Amino acid sequence: MSKNLVIVESPAKAKTIEKFLGKEYEVMSSMGHIRDLSDKGLGIDFDNNYAPQYEVSPDKKKVVSELKKAVKSAETVWLASDEDREGEAIAWHLAEELKLKKENTKRIVFHEITKDAILRAIENPREIDKNLVDAQQARRVLDRIVGFEISPILWRKVRPSLSAGRVQSVAVRLIVEREREINNFVAESSYKVSAVFTSKDANGTQVVLPAELSKRFKTKEEAYAFLELCKNAQFLVDSIEKKPAKKSPAPPFTTSTLQQEASRKLGFSVSQTMRVAQQLYESGKITYMRTDSVNLSGLAINTAKNEIISMAGEEYVKIRKFTTRSKGAQEAHEAIRPTYMNAHSVSGTAWEKRLYELIWKRTIASQMADAKLEKTNIYINVSGSKYQFVASGEVIVFDGFLKVYLESTDDENTEKSGILPTMKKGESLAPKEILAQERFTQRPPRYTEASLVRKLEELGIGRPSTYAPTISTIQNRKYVEKGNRPALKRNFNELKLKSGKITDSKKSENYGAEKGKLFPEDIGLVVNDFLIEYFPNIMDYNFTANVEVEFDQIAEGKVKWTQSIDSFYKRFHPVVEETLKNSERHVGERILGVDPKSGRQLSVKIGRYGPIAQIGTSDEEEKPLFASLRKTQSIENITQEEALELFKLPREIGDFEGKGMTVAIGRFGPYVRHDGKFYSIPKSDDPLDITAERAIEIIEAKREADKNKIINTFGENEEIQVLNGRYGPYISFEKNNYKIPKKMDAKALTEEQCREIIASQADKVKKKKSYKRRKKA
DNA sequence: CAGTGAGCGAGCTTCCGCTTGACTT
């Protein structure tokens with residue numbers, strides 16, 4: 001047995017470090033936190049000065065017992081968890097739970113996993129910093145109090161199983177407020193004037209120069225008047241301005257910037273990025289992926305430098321030290337970078353390859369020279385007008401870091417400009433055509449998963465390890481939904497001056513298409529409004545930043561953590577009591593008016609199964625009528641007309657084979673119901689005016705498809721069926737589906753072969769089911 | 001796998017931050 005036991009947080013890290021330290025050291029991992037507050041009740045003893053009630057987490061029991069065993073045979077235990085608040089607490093929990101003795105326990109820290117850094121750490125051990133631990137306890141207890149006291153209020157006042165928390169509730173607030181900004185947005189239009197000029201260059205060949213007028217006109221009349229003036233105007237080059245410019249590379253990746261770029265460049269979701277990064281980390285290809293640091297180790301910088309020199313040359317190197325700007329960063333790790341800078345690519349899945357390449361490029365580029373540009377503006381006078389046309393171009397003089405990488409932006413309509421033809425001052429230009437187009441101001445963009453993460457980070461809310469889970473939580477709770485919206489059409493005016501004639505035409509354009517954006521759902525709106533009404537303090541965008549200041553004071557030993565929690569709780573808890581007692585149930589009810597047919601009240605609200613419209617009230621003698629809202633509708637802005645439409649379904653549309661057909665909209669969209677069976681109505685048909693003939697067509701088409709569905713059955717009871725599915729043939733048995741191996745011919749399978757396949761996949765199917773259950777829960 | 005929209009109510013839900021595994025594709 002080794003004389004020394006080193007405990008780190010992650011097994012991959014343990015493996016690497018073990019190599020550096022040699023036989024005298026055994027390195028084990030704690031897998032993060034090993035204990036947490038009990039979740040029977042609040043896990044806090046309020047009668048005993050907020051004493052936390054810690055329990056070893058169920059999934060860490062095994063780890064803890066293994067660590068206990070290892071401790072027994074070790075002379076010295078080295079606690080090497082991360083150097084931040086959480087890491088310090090992990091070290092302390094380990095010391096407590098493993099009953100480590102002060103004299104043979106040492107606390108060490110390192111920020112990069114290199115042999116030098118680790119040996120240096122071993123030479124400079126310290127004791128556990130109890131103040132830092134207390135700051136973590138305050139953080140933990142605060143989050144528990146907020147989460148576990150507010151959530152139950154939601155269960156009673158809104159709907160069971162809902163949740164609230166310091167981080168997730170603010171994340172939802174951001175999305176809700178953005179949606180409302182968008183709803184209230186009124187586009188303004190103006191006229192943008194652009195021209196294409198022609199001229200002859202030195203060789204006499206014709207060159208083209210696109211330019212834009214420096215002024216946008218408010219009205220069509222003004223634009224028209226300007227084009228009128230252009231008919232007989234002279235266009236002379238007034239001046240040519242050339243100025244150098246430079247672009248600098250972005251810093252190496254942190255968790256949040258990696259999530260943003262993987263989203264923009266690769267279309268990855270936030271959780272997908274983390275999954276793939278985890279794989280790269282575990283196979284030793286990149287450094288740790290949950291970090292807020294942009295720092296690179298000296299070793300990494302050196303190897304990057306060599307790589308750049310051999311790839312592009314000395315002049316492409318520029319060593320840079322980046323500093324973190326984000327609030328609350330704790331910098332326990334390096335930035336995310338390739339472990340070996342000379343590996344330009346890696347083996348693995350397609351996703352791993354693409355993400356790795358992105359990380360490699362970003363890291364290398366961060367140590368490369370600025371790109372040098374030359375920007376050119378050509379100003380063109382219009383005789384008789386005070387406005388000028390401007391043609392702008394940009395030429396790369398030296399590519400620098402652009403040789404490998406350029407960061408993307410969220411802005412979808414950046415215009416690119418290229419090389420301009422050579423012009424002389426005073427040169428006369430001929431307009432080939434001048435366009436005045438009506439353009440509209442743009443509403444603010446909806447958040448993507450990644451841009452929401454960026455906003456949270458900016459506000460100092462959440463940590464690298466929680467960005468992805470938070471995004472998942474608010475979707476699982478159905479507060480927000482990731483979705484698409486089709487483009488809308490709008491008309492715009494276009495005036496065109498060509499060959500001395502102005503034409504005036506109406507054109508149409510698509511705008512506002514959304515893909516993979518976060519939309520609030522009605523339950524999210526209601527919960528958000530409820531929380532803002534009763535807990536404005538918790539919902540404040542600065543709440544986290546404010547408590548962080550307090551935590552810092554605890555960490556510095558200036559404030560006792562229990563005092564800090566006490567002063568919070570004394571203000572917070574009465575509000576909880578008050579809200580439970582005095583607030584009404586919140587279902588987001590909105591009265592839209594009356595139903596013209598019956599004269600009864602028409603309203604919308606959140607029902608047990610989601611948003612509904614309602615005709616009548618429950619205190620009337622006649623029972624109210626209900627209809628579910630469509631997926632894209634919201635109780636917040638549905639109109640009376642739209643709500644009344646909903647009551648046109650379900651519709652009886654006639655008989656077929658002696659049985660009635662009903663049209664309605666269900667969870668999976670519009671359907672026809674006939675004889676107890678459901679038939680989906682394709683998007684091309686409108687359920688509101690579908691005819692009986694068409695419905696029969698749909699039913700018969702489905703029957704035909706079902707007939708082809710069965711490939712083979714055995715015997716009379718048909719418990720095993722070979723079926724044709726969306727993804728090819730499969731076996732169905734006792735409500736489970738089984739994959740048929742590619743090599744086998746589905747048509748020729750015997751019953752015995754089927755049973756073998758079923759038996760061989762029984763395990764997998766069981767696991768899948770339990771996974772599905774877990775996911776539901 | 002598609003109906004429902006109520007309350008004799010059991011017993012449950014929930015936070016944030018550390019980690020990975022087991023699950024998809």
Side-chain angles (χ1 to χ4, degrees), chain A residues 8-14 29-37 39 41-43 57 59-60 63 81-82 84-91 93 136 139-156 159-169 269 271-272 275-276 278-279 281-282 288 290 330 332 349-351 461-467 469-470 473 477 538 544 587 605-614 618 623-628 650 662 664-673 676-681 764 767-772 774-775 777:
Chain A
V8 296
E9 289 177 40
S10 117
K13 196 167 170 180
S29 64
S30 74
M31 309 272 202
H33 276 293
I34 54 156
R35 306 200 296 190
D36 192 14
L37 297 176
D39 54 10
L42 289 196
S57 319
D59 57 329
K60 299 294 165 55
V63 175
S81 45
D82 297 343
D84 58 14
R85 204 161 61 202
E86 298 297 327
E88 203 67 18
I90 287 173
H93 281 301
Q136 192 272 349
R139 199 280 303 155
R140 181 66 193 92
V141 166
L142 177 93
D143 281 338
R144 171 55 67 86
I145 290 174
V146 169
F148 273 37
E149 292 213 341
I150 298 183
S151 297
I153 303 179
L154 295 177
W155 306 344
R156 284 180 51 184
R159 187 203 277 177
S161 305
L162 296 174
S163 64
R166 174 176 58 83
V167 174
Q168 59 168 290
S169 296
S269 74
S271 63
Q272 186 185 359
R275 254 195 328 268
V276 178
Q278 175 92 29
Q279 284 157 358
Y281 168 66
E282 282 173 12
Y288 197 59
R290 291 187 275 263
Q330 308 203 2
T349 64
W351 288 354
I461 299 172
R463 305 278 313 129
S465 66
T466 60
Y467 295 138
T470 300
T473 299
R477 296 270 174 279
I538 306 292
T544 291
V587 290
K605 68 175 189 189
I606 298 208
R608 193 166 154 194
Y609 306 104
I612 48 170
Q614 177 176 351
S618 52
K623 271 195 151 190
L625 295 169
F626 299 97
S628 293
T662 312
I665 291 182
R667 277 209 315 197
F668 307 116
Y671 64 89
V672 185
R673 195 165 69 168
K677 292 199 177 79
F678 294 88
Y679 303 88
S680 289
I681 298 175
K764 254 191 194 166
K767 273 182 193 160
K768 208 163 149 183
K769 289 227 148 159
S770 72
Y771 178 68
K772 270 191 181 161
R774 263 214 328 270
K775 232 170 127 180

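Atoms considered below: every heavy atom in the structure, side chains included; atoms not considered: hydrogens, waters and symmetry mates. Each chain gets a letter, A, B and so on, in the order its sequence line appears, and its residues count up from 1. Please read these numbers as outputs of a predicted model, since none were measured by experiment.
Taking CG of A:Asp82 as the start and CZ of A:Arg290 as the end, the distance is 10.5 Å to the nearest 0.5 Å.
Between the side chain of A:Ser161 and the base of B:dT13, at least one donor-acceptor pair of N or O atoms lies under 3.5 Å. Checked by distance alone, A:Arg139 brings a side-chain donor or acceptor within 3.5 Å of a matching partner on the base of B:dC16. For B:dC15, the base has a donor-acceptor partner in the side chain of A:Arg140 [N/O atoms by modelled type, under 3.5 angstrom].
The side chain of A:Glu282 approaches B:dT20 more closely than any other nucleotide in the set B:dT20, B:dT25, B:dG17. In this structure, of B:dC16, B:dT14, B:dA2, it is B:dC16 that holds the atom nearest to the side chain of A:Asp143. Of all nucleotides listed (B:dC18, B:dT19, B:dT14), B:dT19 comes nearest to the side chain of A:Tyr288.
In terms of phosphate contacts, A:Arg166 brings a side-chain nitrogen or oxygen within less than 4.0 Å of OP1 or OP2 of B:dG17. Under 4.0 angstrom from either OP1 or OP2 of B:dT20 there lies at least one side-chain N or O belonging to A:Gln278. A:Thr466 has no side-chain polar atom (N or O) that falls below the 4.0 Å cut-off from OP1 or OP2 of B:dC16. Dashed line: the shortest gap from a side-chain N or O of A:Ser10 to OP1 or OP2 of B:dT20 is under 4.0 Å. Between A:Ser465 and B:dG17 there is no side-chain polar atom (N or O) within less than 4.0 angstrom of OP1 or OP2. A sub-4.0 Å separation between OP1 or OP2 of B:dC18 and a side-chain N or O of A:Arg290 is absent. A close approach under 4.0 Å does not occur between any side-chain nitrogen or oxygen of A:Ser151 and OP1 or OP2 of B:dC15. Side-chain N/O atoms of A:Gln168 include one lying less than 4.0 angstrom from OP1 or OP2 on B:dC15. When the side-chain nitrogen and oxygen atoms of A:Arg477 are compared with OP1 and OP2 of B:dC15, one or more of them lie within a distance under 4.0 Å.
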- Report the secondary structure of DNA chain B in dot-bracket form, marking unpaired bases with a dot and bases paired to a different strand with |, and treating Watson-Crick or G-U pairs with both distances under 3.5 Å as paired. .........................
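Residue contacts for A:Ala164: at a heavy-atom cut-off of 4.0 Å it reaches the sugar-phosphate backbone alone, with no base atom in range. Residue-level contact check: A:Tyr467 touches neither bases nor backbone, having no heavy atom under 4.0 Å from any strand. Among the protein residues, A:Leu162 comes within range of the sugar-phosphate backbone only, with heavy atoms under 4.0 Å from sugar or phosphate atoms but none that close to a base.
Side-chain contact between A:Arg144 and A:Asp39 is present, with heavy atoms from C-beta onward closer than 4.5 Å.
Comparing B:dG5 with B:dC1, their P atoms sit 22 Å apart, to the nearest whole Å.
Closest approach of A:Leu154 and A:Ser163 over heavy atoms only: CD1-O, 3.6 Å. Across all their heavy atoms, A:Lys60 and A:His33 have their closest contact at NZ-O, 2.8 Å.
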